[in-house]
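Structure first, then comments.
For the numbers below, each heavy atom of this structure counts, side chains included, while hydrogens, waters and symmetry mates do not. Just so you know, these numbers come straight off a predicted model, no measurement behind them.
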Amino acid sequence: MSGSQLNQAQYEAVYYRGGPMLVLAGAGSGKTRVITERIAALVERDVPHDAITAVTFTNKAAKEMRERLFKRLGDAAKSLRICTFHALGLSMVREHAELLERKSNVSIFSGSEQKSAMRSVLTDMRLPSDADQVDRLLGRVSLLKNGLLDVEENNLTIVREAYDALLTRMNAVDFDDLMLLPIRLLSSHRDVQALWQARCRHLLVDEYQDSSRVQYAFIHLLVESKGNLTVVGDDDQSIYGWRGAEIKNLFQLEEDFPSLHTVRLEENYRSTHSILTAANTLIANNGERLGKTLRSNLGQGKPVRIWESPNGDEEGHRIAADIKARKAVAEAKGWDDFCVLYRASFLSRPIEIALRAASIPYHVSGGLSFFDRAEIQDTLAYLRLMGNPADDLAFMRAIARPRRGVGAKALSLLGEFAWKQECSLFEACLHDDLEHRLSHTLREFGEMVSGIEHLLIHGEPDDAFDALLERTQLEAAIRAEAADEDEAERRMNNVMELRRWWLRHREDGGDLASFLHHVFLASSKDDDDPEGQVRLMTVHAAKGLEFDHVYIIGVEDGLFPHKNALEENRLEEERRLMYVAMTRARYRLTMTYVRVRSRYGTKEKTTPSLFLNEPDQSVLRWVDKDVNSEEAKEEIDDAMAIFKAIAEKAKKNAR
């Protein structure tokens, strides 16, 4: 791509060479294009690849950036460091593990392992360890780690210290540690900081408005105040305050980087003028923003439709009918050009029922993750144990899958023995001094795992994985526990998908440790991107996506903006969330509300959201407010034209 294909603001952002820069990029303004072109420009200026680091927040965004750069630079892009914040933190932890009281084959605990670790801590402290208590304390420990909790209770500090100590003993870290440990590393070891500052001589951060307090501290340690920091973000799309994102990080930049240069990308390539005008005039009501006004590149477009329905069922049927009609007359290429957005997940059910009744294929984002499936967790437990013998949680899951006659009492005695010997449970199985009636079974288990580990490291990758399934009798257990043959095949197909991933990873030169780390980072990936289906999702899940036709449902006071946000004085974040929802649409945006909403078995009267009154009313069409209005007549004419086209199409097919 040549510089002539960039607009003036994009060109300035790509080729700026004066130190720290903030690229304030509005929705649909080509920010991903700008950040990838800037990286390409650095490479073409012969900046060493190892001096360029680009970070973002999701695996999907990092993958898209890598793919764009590969198309742009070819094989030269393969050696560039492009990853998520947590992947960058993990690489630091692995490389400098000894300085952090870890080994390089460190395990990364996801949600289920964290819960098991916390339950163990609470049990040892003789504190309640029920599921609610475990979840509550994990949440508070996470807030404490991220500096979002001013703790006054000594118990929480003690629990956190015990929890961290347990993870250290098991050579493990959790998701929060992937930021906190690198910060500790960079703060305490000047030589390590100098090394990583050299590797981040040009640091580029995408979706900067989503950064947390901890991530900002991380960035600040990697780049000096006059360094080559490029952050790309949009203050109007900061919607993750509930998980630690700080919009104040945008304003803090000017203080910590006094020579900061700001470039505004305001030319929008995604949405029509009507949609943008509605979104711009809505977000203008926020006070905490740096300010910009998007300009459409797609022309005026249709007004934003506002629909009123008597209840949620009618709302769903109306949307289904509209989707089917517009698809029939080729206003959309496929079902995946349509998306239904909502603030609360319970709103999806009437829509699902209506779409199913209309035989419209759909996909609800946020279903059970591939990595959360029992058969995948079981297989990974063995791989984790082979990769890190100190991972007691992996041991506990592996020895129980399938059952081997080793009960809770035997495991308790094994745990006491391991504690006295200062070794892991797995190492205790192979210890010469272990004396127990089940010691033979435990030793057999340990030797079996060691044998498979040897195969995984030195043997053929496919034979090793097959040996894992056969020698552990895991495949037999998966099949035996399935309700029927179809379920057994589905579950084994999932395991075979993991096997294919393992083989590809080995073909690319990866080892067991890097495979397990790759799996962990991928397990927090975004939803898949199903083709040929209408998408149903929360607005939070829709960030970064775009569709020709978007329906925002439940635009009612107490739902959008959500009543909890109003009670917590977070109206501006809710308005940013609505701005994100509106700017997902390219050509058609429809916002709907009902007069009576069924919620958790009760019916409640509702009122239209204040977010329907704030946009410029000249670009809105309140279809149901006045049946004699010009807007309503235009809507009726529009519908008649659609159904006429459908009828003509049916006649042609009949011939």
Side-chain angles (χ1 to χ4, degrees), residues 57-58 84-87 89-90 93 100-102 106-184 210 212-215 217-218 240-246 345 366 368-369 371-374 376-377 380-381 384 388 390-397 415 516-517 519-525 540 564 568:
F57 288 83
T58 66
T84 63
F85 269 101
H86 290 91
L90 174 59
V93 170
L100 297 167
E101 301 177 281
R102 302 297 198 281
V106 60
S107 290
I108 309 147
F109 282 180
S110 57
S112 59
E113 289 86 26
Q114 285 181 261
K115 289 178 181 180
S116 296
M118 180 59 77
R119 191 174 296 111
S120 176
V121 165
L122 296 177
T123 301
D124 288 347
M125 295 177 70
R126 297 184 179 179
L127 293 172
S129 58
D130 56 274
D132 289 342
Q133 179 78 336
V134 167
D135 288 343
R136 188 183 74 84
L137 282 173
L138 275 176
R140 289 178 67 77
V141 166
S142 180
L143 290 173
L144 186 60
K145 284 187 172 189
N146 286 283
L148 298 173
L149 189 66
D150 295 325
V151 65
E152 295 180 359
E153 50 197 283
N154 290 331
N155 278 350
L156 185 59
T157 303
I158 295 169
V159 168
R160 180 212 169 152
E161 289 172 353
Y163 170 77
D164 285 345
L166 179 59
L167 264 60
T168 301
R169 184 173 68 78
M170 290 193 284
N171 188 33
V173 294
D174 63 18
F175 208 61
D176 293 326
D177 290 332
L178 294 181
M179 285 288 92
L180 296 179
L181 292 180
I183 287 173
R184 185 198 305 172
D210 294 337
S212 67
R213 187 179 305 178
V214 168
Q215 285 159 341
F218 183 52
Y240 295 117
W242 51 277
R243 69 181 189 196
E246 298 245 4
S345 296
L368 184 66
S369 163
F371 298 96
D372 289 334
R373 299 182 187 279
I376 299 301
Q377 288 280 314
L380 287 174
R384 284 171 42 215
N388 175 16
D391 190 340
D392 286 349
L393 296 183
F395 173 88
M396 293 291 285
R397 181 155 192 148
L516 290 169
H517 294 152
V519 164
F520 170 79
L521 293 170
S523 69
S524 57
K525 74 180 181 67
H540 282 103
N564 291 349
E568 296 165 10

What heavy-atom pair brings [X] and [Y] nearest, and what distance separates the two atoms?
X: M125; Y: A162; value: SD-CB, 4.4 Å
X: L181; Y: L100; value: O-CD2, 3.7 Å
X: R384; Y: L516; value: CA-CD1, 3.8 Å
X: L393; Y: S116; value: CD2-CB, 3.5 Å
X: A381; Y: A394; value: O-CB, 3.5 Å

With a 4.5 Å limit on heavy-atom distance, are the side chains of [X] and [Y] in contact?
X: R140; Y: V159; result: no
X: F175; Y: S110; result: no
X: Q377; Y: S112; result: yes
X: T168; Y: R102; result: yes
X: D174; Y: K145; result: yes
X: V173; Y: F109; result: no
X: E113; Y: D391; result: no
X: L138; Y: Y163; result: yes

Let me confirm one number: the [atom1]-[atom2] distance from [X] to [Y], rounded to the nearest 0.5 Å.
X: F85; Y: F57; atom1: CZ; atom2: CZ; answer: 4.5 Å
X: N155; Y: L127; atom1: CG; atom2: CG; answer: 6.5 Å
X: M118; Y: T123; atom1: CE; atom2: OG1; answer: 11.0 Å
X: L166; Y: M170; atom1: CG; atom2: CE; answer: 3.5 Å
X: Q215; Y: N146; atom1: CD; atom2: CG; answer: 8.0 Å

Does CD belonging to E568 count more than 12 external heavy atoms closer than 6.0 Å?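 For E568, atom CD is crowded (more than 12 foreign heavy atoms under 6.0 Å).
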Examine distances only and state if a side-chain atom of [X] and a backbone atom of [Y] form a donor-acceptor pair shorter than 3.5 Å.
X: H86; Y: T58; result: no
X: N388; Y: N171; result: yes
X: E161; Y: I158; result: no
X: D124; Y: V121; result: no

Test log, rule side chain to side chain contact (heavy atoms under 4.5 Å, CB included), inputs R169 and D392: CA-CA 9 Å; R169 184 173 68 78; D392 286 349; 3.4 Å; yes
Salt bridge D164-R160, side-chain N to carboxylate O under 4.0 Å: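 Salt bridge flag = yes for R160 with D164.
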Carefully, step by step, assess V106 and H517 under the rule side chain to side chain contact (heavy atoms under 4.5 Å, CB included). CA-CA 9 Å; V106 60; H517 294 152; 4.0 Å; yes
